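Worksheet for the structure shown next.
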Amino acid sequence: MSERDQDGSFGGASGFRSSGVHGFMELAKLAAARESSGDEETEVAEEEPVEPAGSFGRRQIGELIVAAALRRSSTAADRRRVLRDPRPAGVVIKVPSSAWIRPVHDYLRKLRRDWLLLTRNGSDRRRHVASEGNEEIADALAGGRSVVGVAIDPERQLPRTLTAAADVVIDVGDLNAEVVGRALRARFPQDAAKIPPDALGALDLDDLVAAMRPGFGAAASIELMRRASRRRSAGTDVSIAPDLTTTQFGAAREFGLALAQDIRDFREGRQSWADSMKGGILFGQSGAGKSQLAASIAAAAGVPLLRFSVASMFEGNAHLGTVIESLKNTMSQAASLGCCLAVYEEIEFFGRRDRLDSRSSDFWTPIIDLLMLLTDAGLSTDESNHGAGRPVGVFVLGCTNHIHMVEPALLRPNRFERAVEVSLPDAAGIANVLKFHLRGALGGEDLSAVATFLEGSTPAECMAVVRAARRAARHAGRALSLADLVAAAQGDDDCSSQLAWRVAVHEAAHAVATIATGEGALAYVSIRGRGGLTRVERDGDDLPTLESIERTAICLLAAGAAEASIVGSLSTGWSGSERSDLGQVSSMLAHLHACTGLTGNLLLRAGSSDGALEAARRDPELGRAVEEHLRELHARACALVARHRDRIVAVAEALVARRHLDAAEVVAILSAVPENPGEALA
């Protein structure tokens, strides 16, 4: 460079105050006169227009920031070793993001053309790894040539020969007021302005370059930085989130209340970080309200909410380095807000290490490992741990529809800590969901009947009902009425008479089988739109037994038997997925045979319910045992349907007419209709 500090400094920006970029341009001319020996590995080979002397383009401004950052993150001894010592040196420079790769490359190339310079951002999964380029590094150092490697994750992306033999390791770190202040003074030497704390949160190098525009002074550039920082750091608006005290999500609500209390206590200084609950993973079926619950927790705690879509990190250029950078940026953005709640949607997208094959392990293992490091609240981000550890005050939640696909190690203490099921709201919860989406409309109406009819619906489905009711009223040119809400809940237009009959028979069989077997206390049965629900309250005073599991299986299988007998054919509603009746029974029996000793087998062949069905598919003997048991229970379900066929038809007819029957109404129908003659249920 044109001017150095006495210690051989990278220059900060002091060498360019009086002459603009003159020092850069002169250095470029001198460098061009030197011969460059050996190959150079770089991600920035494309040519760019050369800006005229005396101008400040993107490249020059970026180099100003790089110079200041290198000065801040290196010691005087490091600088002397790199710039003045005649002995060859191995240098590793860790940058915070891919936006730094090109500016650092250009700046270093102007400093010395005789260096072997490697820049790697992880975009090439085959070449940007520690096993590639080691011979080249050894040859250069043995031949008296210095080597400089620049990477986002040096330990994984640079040749291990360089990282092991490095004389100097420089971690550029995140941008701070000192670095940006040096660059601003070089960019606007006539101006003086102080950088406030909120001007740099969540900003990357490109954001700062964009803020130092021609015709702007230091103060105006800082204001642009503040504006960009506010937009980058802005969390999800939780001002209209449902009140956590009135939401109904079962055990998940109690978890949410406890987490919100811990966040408030920590934020207000009543509780230490070490004693605080750090977060959790919310799981449940699609539309169950996991994201809505996260917003309610943040609102109750009084902290910003940041949402991150894990799937979006893999869109477009899904190179390993790009994904790792995106993941790191999520925690940096959360850290810029101080105390906050960070939510990772679709967290199952990261996968599990124990289910990776040899081809995918190289890609996924570093990502999963990084997630565990970034979310580990037991590590301090101030320690020398390569930026690992969760910033103090950042509470985390994960959301998933598939908890069995989530890496188990994420649930250890100080990470996400625990898995919490978000169950569907009951009738009281449905009423609160409806009130929330109605936003004050129908304030004087009693919503309990509609809520009872919608019980078993997800919060997302309840929202859709309110929207449909508003749409019907708007198209009719009048105000919303309770009748609109009832009609939308029933969904008449979405269901043909043929489908309504099939759904009614299906649910009626569940209801009648529940009463006939004594499997539980029937609460109600209903049909709506293209589906239905039979709600059963089971006795929780005892653990499941072989007999109780078989009764549950028979009640589930009875729906398919009734469809085949009364409608004349089976549907995918009974057997179309793992959540169907047949899918549930298959999982239940696989768990029964593989994970318990209730069937006489003392050898446990699977460690959990999640692996039981897969074990039955892999193990022919286990699979045959499950299949035989399933066929036996299906025969018993068919016998039950034959015995109560007329009763099931009567309940189904009442369902088609009224759409909803409580337990007393079902019992009344069974009392009025006799059993069919035939063999009694075994």
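All values derive from a computational prediction rather than experimental measurement. Quick note: residue numbers are just sequence positions, from 1.
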Q: Not counting sequence neighbours, which residues clear salt bridge (charged side-chain N to carboxylate O under 4.0 Å, His left out) with Glu346? List them please.
A: none

**Q.** Heavy-atom pair with the smallest gap, counting every atom of Thr534 and His510
**A.** OG1-CB, 3.6 Å

Q. Side chains of Tyr524 and Leu533: closer than 4.5 Å at any heavy-atom pair?
A. yes

Q | Which residues share a side-chain hydrogen bond (donor to acceptor under 3.5 Å, both in side chains) with Ser481, sequence neighbours left out | A | Asp484

Q: Measure across Ala509 and Ala562 and return the closest heavy-atom pair with its distance rounded to 0.1 Å.
A: CB-CB, 3.5 Å

Q. With a 4.5 Å limit on heavy-atom distance, are the side chains of Leu411 and Arg418 in contact?
A. no

Q. By side chain to side chain contact (heavy atoms under 4.5 Å, CB included), which residues pair with Ala300, not counting sequence neighbours?
A. Leu244, Ala260, Arg264

Q.
When you compare the side chain of Met313 with that of Thr330, does any pair of heavy atoms fall below 4.5 Å?
A. yes

Q: Heavy atoms only: give me the nearest Leu438-Arg470 pair and the separation to one decimal.
A: O-NH2, 2.5 Å

Q. Is there a side-chain contact between Thr458 and Glu461 (heavy atoms, below 4.5 Å)?
A. yes

**Q.** Residue pair Val310 / Glu345, side-chain heavy-atom distance below 4.5 Å
**A.** no

Q: State plainly whether the residues Glu675 and Arg643 are in salt-bridge range, i.e. N to O under 4.0 Å.
A: yes

Q | pair Tyr344-Ser309: side-chain heavy atoms closer than 4.5 Å | A | no

(Q) Here's one to test your reading of the geometry: is the NZ or CZ of Arg439 within 45 degrees of the ring axis of Phe436 and under 6.0 Å from its centre? (A) yes

Q | Val433 to Cys462 - nearest heavy-atom pair and separation | A | CG1-CB, 3.7 Å

Q) When you look at CZ of Arg467, are more than 12 heavy atoms from neighbouring residues, nucleotides or ligands closer to it than 6.0 Å? A) no

Q) More than 12 foreign heavy atoms under 6.0 Å from CZ of Arg631: is that the case here? A) no

**Q.** Counterpart residues, side chain to side chain contact (heavy atoms under 4.5 Å, CB included), relative to Ser571 (two or more places apart)
**A.** Arg502, Glu563

Q) Just by distance, with hydrogens left out, do Glu550 and His629 show a side-chain donor and acceptor under 3.5 Å apart? A) yes

Q | Minimum side-chain heavy-atom gap Gln285-Asn401 below 4.5 Å | A | no

Q.
Just to verify, what does Ala251 make a side chain to side chain contact (heavy atoms under 4.5 Å, CB included) with, not counting sequence neighbours?
A. none

**Q.** Thr552-Glu519 side chain donor-acceptor pair, cut-off 3.5 Å
**A.** yes

Q. Is there side-chain contact between Val422 and Lys290, with heavy atoms separated by less than 4.5 Å?
A. yes

Q: Write down the atom of Ala594, the atom of Leu622, and the distance for their closest heavy-atom approach.
A: CB-CD2, 3.8 Å

Q: Measure across Val465 and Ala489 and return the closest heavy-atom pair with its distance rounded to 0.1 Å.
A: CG1-N, 3.8 Å

Q. Would you call the rings of Trp574 and His634 parallel, tilted or perpendicular, where under 30° means parallel and over 60° means perpendicular?
A. tilted

Q.
Checking Asn414 now: which residues fulfil side chain to side chain contact (heavy atoms under 4.5 Å, CB included) with it, not counting sequence neighbours?
A. Lys278, Asp376, Ala377, Glu417

